[in-house]
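Some notes on the structure that comes next.
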Amino acid sequence: MNNSFLSMIAGAAVLMLTSAAPATYLDPQAPIEERVEDALSRMTLQEKINILHAQSKFSSPGVPRLGIPELWTTDGPHGIRPEVMWDQWEQAEWTSDSCTAFPALTCLAATWNPDVALEYGNAIGEEARYRKKDILLGPGVNICRTPLNGRNFEYMGEDPLLAARMVVPYIKGVQQNGVATCVKHFALNNHEINRHTTNVIVDDRALHEIYLPAFKAAVQQGGTWSIMGSYNLYRDQHVCHNQYLINDILKGDWGFDGVVVSDWGGTHDTDQAIANGLDLEFGTWTDGLSNGASNAYDNYYLAAPYAARIAEGKTDTATLDDKVRRVLRLMFRTNMNLNRPFGSFASPEHSAAARHIAGEGIVMLKNDKATLPLINVRKVAVIGENAIKMMTVGGGSSSLKARYETSPLDGLRSALTGNAEVIYARGYVGDASGEYNGVVTGQDLSDNRSAAELTAEALEIARNADAVIFVGGLNKSAGQDCEDSDRQALELPYGQNELIEALAAVTPRLVVVNISGNPVAMPWADKVGAILQAWYLGSEAGNAIADVLTGAVNPSGKLPMTFPRSLAQVGAHASSESYLGKKRDNEEIFDCEYPESIFVGYRWIDRAGEKPLFPFGHGLSYTTFAYGKPTADSSKMTADGKIIITVPVTNTGKVAGSEVVQLYITDVKSSLPRPVKELKDFSKVNLAPGETADVTFTIDKDALSFYSPEAQAMVAEPGKFKALIGASSADIRSTVNFELL
């Protein structure tokens with residue numbers, strides 16, 4: 001039992017014995033708002049100031065005198081970060097903080113399965129609760145505007161509806177464990193280069209139709225208890241204290257009653273932090289992002305400078321009390337909730353969940369001539385650095401110390417034991433390092449052989465194998481998929497394209513397993529037999545990949561973002577300044593205008609009439625699905641009405657499988673430009689061979705609406721619409737016409 005807990009109990013006991021008024025805030029049966037007001041009435045001004053800022057790298061103080069405990073945060077969103085020193089980034093070197101590494105959120109989004117998102121949230125929530133964490137710093141729902149964004153692997157794809165549908169059950173899964181989610185990064189954090197100094201310039205339609213809907217769903221449907229501000233600026237204000245985004249939209253229009261948490265080092269000004277909605281400040285001056293004083297917590301913008309402004313009469317206490325109420329409300333939902341479960345950590349159940357999520361999120365992009373699954377093979381050649389490199393370490397703040405990580409090579413060897421010989425060649429050397437922030441993989445991947453020698457070895461084993469599995473892609477090193485840096489190009493690094501071309505020339509049965517959190521260019525796509533998009537899959541990566549390669553799991557993932565052929569097919573790269581912006585004269589600010597507006601991802605591709613490498617929503621299976629003729633209960637819809645569309649889907653193959661049936665809407669004629677089609681609903685259905693199921697979609701006014709800058713609201717114009725039902729954004733199987741009256 002630690003000292004802080006003993007102090008809390010002692011303080012509470014003293015208060016209950018000596019206080020003239022009953023301690024309502026200590027009554028777990030009392031309504032939370034009554035507890036909040038009671039606790040607030042008992043706090044001194046200094047105690048109120050204290051709970052608004054950090055006391056260590058990852059905690060803020062409670063109110064010891066009142067028995068209110070510290071608030072502890074932890075990085076996520078796909079595993080619980082190992083413990084670091086109180087005021088340093090160095091590892092605390094615990095022996096009990098090795099977690100389950102869950103798949104990155106791009107993989108979760110690729111499942112297109114809200115039930116899996118709930119399973120994910122509950123499992124990681126249990127791990128956070130067991131480690132006595134009160135806030136999980138995740139999930140991330142920033143839109144994948146460019147495939148070069150180094151942090152896309154932490155987000156949920158390019159489409160706002162998909163991200164919204166997947167984030168809500170994740171939040172509920174976490175918070176049912178008495179742990180708050182902290183949905184991030186609010187908002188417009190769409191690249192990592194110059195992330196502290198980029199001022200985003202985006203029109204209101206794109207803001208409300210593309211970049212805010214997932215956050216809105218997180219607040220109004222998921223009920224998230226906290227939100228993290230982003231580093232960038234919007235309307236020339238840093239977003240961690242931004243009047244329009246936080247006060248007007250988040251707390252005003254959406255009615256958010258939780259806590260706005262600064263990203264570490266994201267606070268820049270006391271007056272703006274006070275007035276513009278920031279509630280809880282972390283990382284200022286001691287954030288590890290820049291040099292600063294140690295233990296400088298009393299000097300934070302919401303610390304002594306805040307108290308001084310109150311003392312000088314420069315600000316009132318009403319704003320302070322609102323911030324304190326929010327933090328107290330969060331505490332009563334988490335660490336002051338005596339009924340929350342105890343959680344569990346790195347359990348067999350969590351390993352099983354990680355494997356299930358990973359298997360359902362792997363996307364089979366191509367499978368010519370039944371290259372997969374691996375059957376009737378006696379010798380399998382596995383080639384590529386990513387077949388052996390640990391991926392749980394690195395990538396930035398989401399780097400993990402996993403209890404274990406099964407490599408693709410080991411997973412395949414285990415799956416094929418007794419059936420086939422598995423041989424390995426490195427093929428290329430990408431990044432031999434294995435350390436991030438003091439966590440080390442223990443791997444020695446150094447290799448002094450030349451590229452020619454490595455290629456020759458790979459080709460030799462490929463010639464003599466029944467099947468060749470190339471496992472490559474990106475990694476989580478700087479300049480790849482990593483926080484605080486972006487990728488330098490869409491192409492694969494380390495000479496992988498040339499190696500894949502050479503392998504394709506010597507074997508007809510070549511499978512490419514691409515491990516990345518981002519789309520990559522694939523100039524060799526037509527020359528290989530099969531392609532799997534495997535993401536960063538966590539502890540069970542190797543087993544999940546082997547499950548799909550061998551057919552133990554029938555792939556059912558669908559792409560949550562478009563795979564373009566080149567950056568020319570990406571709206572964010574329409575000009576030299578539309579990606580990273582233009583530096584202001586004599587200022588360290590980069591103005592980054594989003595000229596593509598609402599046309600992000602497949603919306604841009606559709607408008608240009610181009611064919612991407614692989615479209616949004618694409619994913620193959622080891623079985624086939626036939627879509628029947630859809631029926632609608634009406635061809636006309638009133639403004640407050642609905643139309644129900646039903647489509648029969650049949651598994652026409654020989655194995656059980658799941659299909660994601662997607663509904664897109666086309667506005668035939670609009671007063672403002674609209675995308676050719678937009679995802680408005682989806683349903684994942686599992687079918688046995690020969691089985692048919694009716695998939696039902698309900699179309700209402702929200703599905704037809706767009707943001708009107710004039711009305712400053714979402715509107716739906718009367719007129720003709722089309723409901724497009726398909727297996728991807730480019731594979732539309734049927735159309736239903738209807739009219740909004």
Short side-chain donor-acceptor distance under 3.5 Å, Tyr130 and Ser347: no
Tyr424 atom OH, over 12 foreign heavy atoms within 6.0 Å: yes
Cationic N near anionic O, under 4.0 Å, Glu421 to Arg378: no
Sequence-distant partners of Asp159, salt bridge (Lys or Arg N to Asp or Glu O under 4.0 Å), two or more places apart: Arg603
Flag side-chain contact, heavy atom, 4.5 Å: Glu678 against Leu161: no
Tyr536 six-ring centre to Lys476 NZ/CZ under 6.0 Å and within 45° of normal: yes
Flag, side chain of Thr507 to backbone of Arg509, donor-acceptor distance under 3.5 Å: yes
Distance-only donor-acceptor check, side chains Asn518 and Asn152, under 3.5 Å: yes
Distance-only polar pair, side chains of Glu453 and Ser450, donor-acceptor under 3.5 Å: yes
His78 side, atom NE2; Thr392 side, atom OG1 - distance, nearest 0.5 Å: 8.5 Å
Distance-minimising heavy-atom pair for Asp444 and Ser446: OD1-OG, 2.7 Å
Parallel, tilted or perpendicular, as decided by the 30° and 60° cut-offs, for the rings of Tyr664 and Phe616: perpendicular
pair Tyr211-Asn190: side-chain heavy atoms closer than 4.5 Å: yes
Parallel, tilted or perpendicular, as decided by the 30° and 60° cut-offs, for the rings of Tyr120 and Phe102: tilted
Passing candidate, side-chain hydrogen bond (donor to acceptor under 3.5 Å, both in side chains) with Asn113, options Glu119, Arg165, Lys684, Glu360: Glu360
Short side-chain to backbone donor-acceptor contact, Glu540 and Ala358, under 3.5 Å: no
side-chain hydrogen bond (donor to acceptor under 3.5 Å, both in side chains) contacts in which one or both residues fall within residues 98-112, not counting sequence neighbours: Thr100-Glu127
Side-chain (Trp535) to main-chain (Gly361) donor-acceptor, under 3.5 angstrom: yes
Lys/Arg N to Asp/Glu carboxylate O, Arg426 vs Glu457, below 4.0 Å: no
